[in-house]
Engineer: 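Submitted below is the structure of interest, expressed as structure tokens.
Note that these values count all heavy atoms, side chains included, but never hydrogens, waters or copies made by symmetry. In what follows, chains carry the letters A, B, and so on, assigned in the order in which the sequence lines appear, proteins first and then strands, with residues in each chain numbered from 1.
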Number of protein chains: 2
Amino acid sequence: MARIGIREVAALAGVSMGTVSHYLNHPSRVSAEKAVRIQAAIDKLGFVRNNAGRQLRLGRSTTMAYIVPDVSNPFFATIAEGVEQRASEAGLSVFLANSGGRRAREDSYLELFQEHGVLGILVASPEPIEDRLAAIQKKGTPSVLVGQLAASPGQPSVSIDDVSGGYLAARHLIDIGCRRLAFVGGPLSVRQVADRLQGASRAVRETGSATLEIIDVEPRVISVGHKVGAEIAGRPEANRPDGVFTVNDMLGIGLVQTLVTSGVRVPDEIAVIGYDDIEYAENSLVPLASIRPPHQEFGIAAVDLLLVMVEEKESDLHRVFAPELVIRRSAER
Amino acid sequence: MARIGIREVAALAGVSMGTVSHYLNHPSRVSAEKAVRIQAAIDKLGFVRNNAGRQLRLGRSTTMAYIVPDVSNPFFATIAEGVEQRASEAGLSVFLANSGGRRAREDSYLELFQEHGVLGILVASPEPIEDRLAAIQKKGTPSVLVGQLAASPGQPSVSIDDVSGGYLAARHLIDIGCRRLAFVGGPLSVRQVADRLQGASRAVRETGSATLEIIDVEPRVISVGHKVGAEIAGRPEANRPDGVFTVNDMLGIGLVQTLVTSGVRVPDEIAVIGYDDIEYAENSLVPLASIRPPHQEFGIAAVDLLLVMVEEKESDLHRVFAPELVIRRSAER
DNA sequence: CTGAAAGCGCTAACAC
DNA sequence: GTGTTAGCGCTTTCAG
């Protein structure tokens, strides 16, 4: 099949290439009669505008990229919703890329998107990445770091105040009467984990009469929650915590399952609260209380920040969101 | 910042544009000495190759697209793994797009990717889409339908044999001694649901002595599983099924949770088997037996089919995969 | 309102 | 091994 271009359309419609282009980009400037003829030719020939030519000529693109470590993680997926919504409002398209958390793949996508001349890149990464983003920035492609507060000057970011999230969780446990708290999750070398613990710790300190036990486990998955649950259920009652804050919902879900099936009453004997408010939290055996980050707004803010950068060339904005406490049966008394 | 092009690099390295291009595309044909000078210039200037120019000149792209209804669905996400792996082996990049199952978004991505001149498009969609793919095909962009067997001639697809999956599930329940089976899930207008039921039905028919009750519910989420569980647990024992096949794992997880907390023993009184083998199945209260589609190979096959189409222009290949039975405690006796 | 023509950045064919 | 050059398809002045 011969590739159909604007030239062929023009020929069939009996107008010049310029007029076809006008019709495509400024329809109002073309007479109704020719517009009809042009559209007919487009349909007849199955013309599709060639973006390479267009972009080459224009020198800019209306596409942005969002690189995530794991698309199937509901956390990133829900942010993506916000990103796409806001982008589409701004007349932009979003290319998603899945880095699998692997640095090499991350780099290759970063390179790819630069070559494609995207307007900008949103990046969520478990890897240290700010150096690379700075380099890319210098070459003309702006980026926004998603999910962690950027440290380098000139690097915008949207993030969540995990200290405050940890505080909220522990504070709530204390408010409903818990005094022997436990924090489940690790490793503390992960910033988010450390921050959540720090917040929880502050709430405990404020209270004075409460204690905080740290159960440092990883990875943060359901099956580890099961193990921790079995361990706690196996203790003499006096040694058990009466309120547990798990650093994410997976751990919380596993923990609650094992506690309940071991005959420990949740929340009466042990109250549990998770973090992230994933879909399964709401639907677990005992609906799991959790800390909810504002996913959608998060994505929206990321796009907005990117647009600001594009307009103003330089910027160093950070948006830090406050998470929200979601009370459910696992932490109600 | 003045845009850096191949021209600037050439000037700084003291060679011609052609040599720089050669260095970029056929490094072996450039003398070592100049190669060094060119690379130095590239680094110094922060040169990034402009894909628009390249693609315009070459007339082809090394990018493909994968459009899914919901990236966060582990089913599609795992397929994406396979897609990316195979694509990268073939020297291709993958752009992911999230249609949200909305037809308008689907169309706009379809259009976008055509304009970008991608090599081809992989599409998973809950919507009828073959007509649109045929139109796109005619305009020069091949596609592979992912997740359902294509009906139109000339439209390749990769799909799962859901009839056989349903058969496997019911057959297993019968094999471990169940005789009063129930199928949970709907609506039957969804092809996958209907196929799974059909397979289950065949297994029951083959047996003669078994019965199959249909509990037609939707949506297929955990909370609906809870409801069904409560309903079943509330029946007089004689009226309860002794083996349940849920059309997906979410329903199965919810069902098992409620049965167990209502005092019904799983699998002794009621065995349960789900479908899809999502991560949570393995880690639910009672590990859930399930039917596992071969996600990874699925993605690999999709890319391979696309590559065949690109080479041979026309094709009408279909790959239908057999799912696999994963036995876990919820269906062991 | 329409047409003619220049040129975006790059690659490959060709000449040296 | 290296340089020169002709477009790839499109948009946008600029003239008419």
Engineer: Run the ring-ring contact (aromatic ring centres under 6.0 Å, His included) test against F95(A) and tell me which residues pass, sequence neighbours left out.
Structural biologist: F95(B), F113(B), H116(B)

Engineer: R102(A): which residues meet the side chain to side chain contact (heavy atoms under 4.5 Å, CB included) condition with it, sequence neighbours left out?
Structural biologist: R105(A), E81(B)

Engineer: Using the test ring-ring contact (aromatic ring centres under 6.0 Å, His included), find all partners of F75(B) that sit at least two apart in sequence or belong to another chain.
Structural biologist: H295(B)

Engineer: Hey, are the side chains of P142(A) and V310(A) touching, using non-hydrogen atoms and a 4.5 Å cut-off?
Structural biologist: yes

Engineer: With a 4.5 Å cut-off on side-chain heavy atoms, are L92(A) and S88(A) touching?
Structural biologist: no

Engineer: Please check this pair: side chain of E130(A) against backbone of S152(A), looking for a donor-acceptor N/O pair closer than 3.5 Å.
Structural biologist: yes

Engineer: Can you pull the contact range of chain A along DNA chain D, 5' to 3', using atoms under 4.0 angstrom from its heavy atoms?
Structural biologist: dG9(D) to dT13(D)

Engineer: Check the interface with nucleotides 1-5 of chain C: list each N/O to N/O pair with the protein under 3.5 Å, or write none.
Structural biologist:
| residue | atom | partner | partner atom | Å |
| --- | --- | --- | --- | --- |
| dT2(C) | OP1 | S31(A) | OG | 2.6 |
| dT2(C) | OP2 | S31(A) | N | 2.7 |
| dT2(C) | OP2 | S31(A) | OG | 3.4 |
| dG3(C) | OP2 | S16(A) | N | 3.0 |
| dG3(C) | OP2 | S16(A) | OG | 3.4 |
| dG3(C) | OP2 | T19(A) | OG1 | 2.5 |

Engineer: Identify, with sequence neighbours excluded, every residue that meets side chain to side chain contact (heavy atoms under 4.5 Å, CB included) alongside A135(A).
Structural biologist: none

Engineer: Which donor-acceptor pairs under 3.5 Å do the side chains of residues 4-18 of chain A make with protein atoms, sequence neighbours left out?
Structural biologist:
| residue | atom | partner | partner atom | Å |
| --- | --- | --- | --- | --- |
| E8(A) | OE1 | G5(A) | N | 2.7 |
| S16(A) | OG | G18(A) | N | 3.4 |
| S16(A) | OG | T19(A) | N | 3.4 |
| S16(A) | OG | T19(A) | OG1 | 3.3 |

Engineer: Could you pull out all residues at least two apart from D276(B) that satisfy salt bridge (Lys or Arg N to Asp or Glu O under 4.0 Å)?
Structural biologist: none

Engineer: Which heavy atom of P156(B) sits nearest a heavy atom of M309(B), and at what distance?
Structural biologist: CG-SD, 3.1 Å

Engineer: Using atom CG of L56(B) as one end and atom C1' of dT11(C) as the other, report the distance to the nearest whole Å.
Structural biologist: 11 Å

Engineer: Between R103(B) and E106(B), is there a side-chain N and carboxylate O pair less than 4.0 Å apart?
Structural biologist: no

Engineer: Sequence neighbours excluded, which residues qualify as ring-ring contact (aromatic ring centres under 6.0 Å, His included) partners of F47(B)?
Structural biologist: none

Engineer: Roughly what angle, to 10°, lies between the helix axis at the start of the helix from dC1(C)-dG16(D) to dC16(C)-dG1(D) and the one at its end, five pairs per end?
Structural biologist: 30°

Engineer: Of R57(A) and G5(B), whose nearest nucleotide on DNA chain C comes first from the 5' end?
Structural biologist: R57(A)

Engineer: For residues 63-71 of chain A, dump all side-chain donor-acceptor pairs below 3.5 Å to protein atoms at least two apart in sequence or in another chain.
Structural biologist:
| residue | atom | partner | partner atom | Å |
| --- | --- | --- | --- | --- |
| D70(A) | OD1 | S72(A) | N | 2.9 |
| D70(A) | OD1 | S72(A) | OG | 2.8 |
| D70(A) | OD2 | S72(A) | OG | 3.4 |

Engineer: Figure out the CD/C1' separation between Q55(B) and dA12(C), and round it to whole Å.
Structural biologist: 17 Å

Engineer: Let's see if you get this right: which residues in residues 37-54 of chain B place a heavy atom under 4.0 Å from DNA chain C?
Structural biologist: F47(B), R49(B), N50(B), G53(B), R54(B)

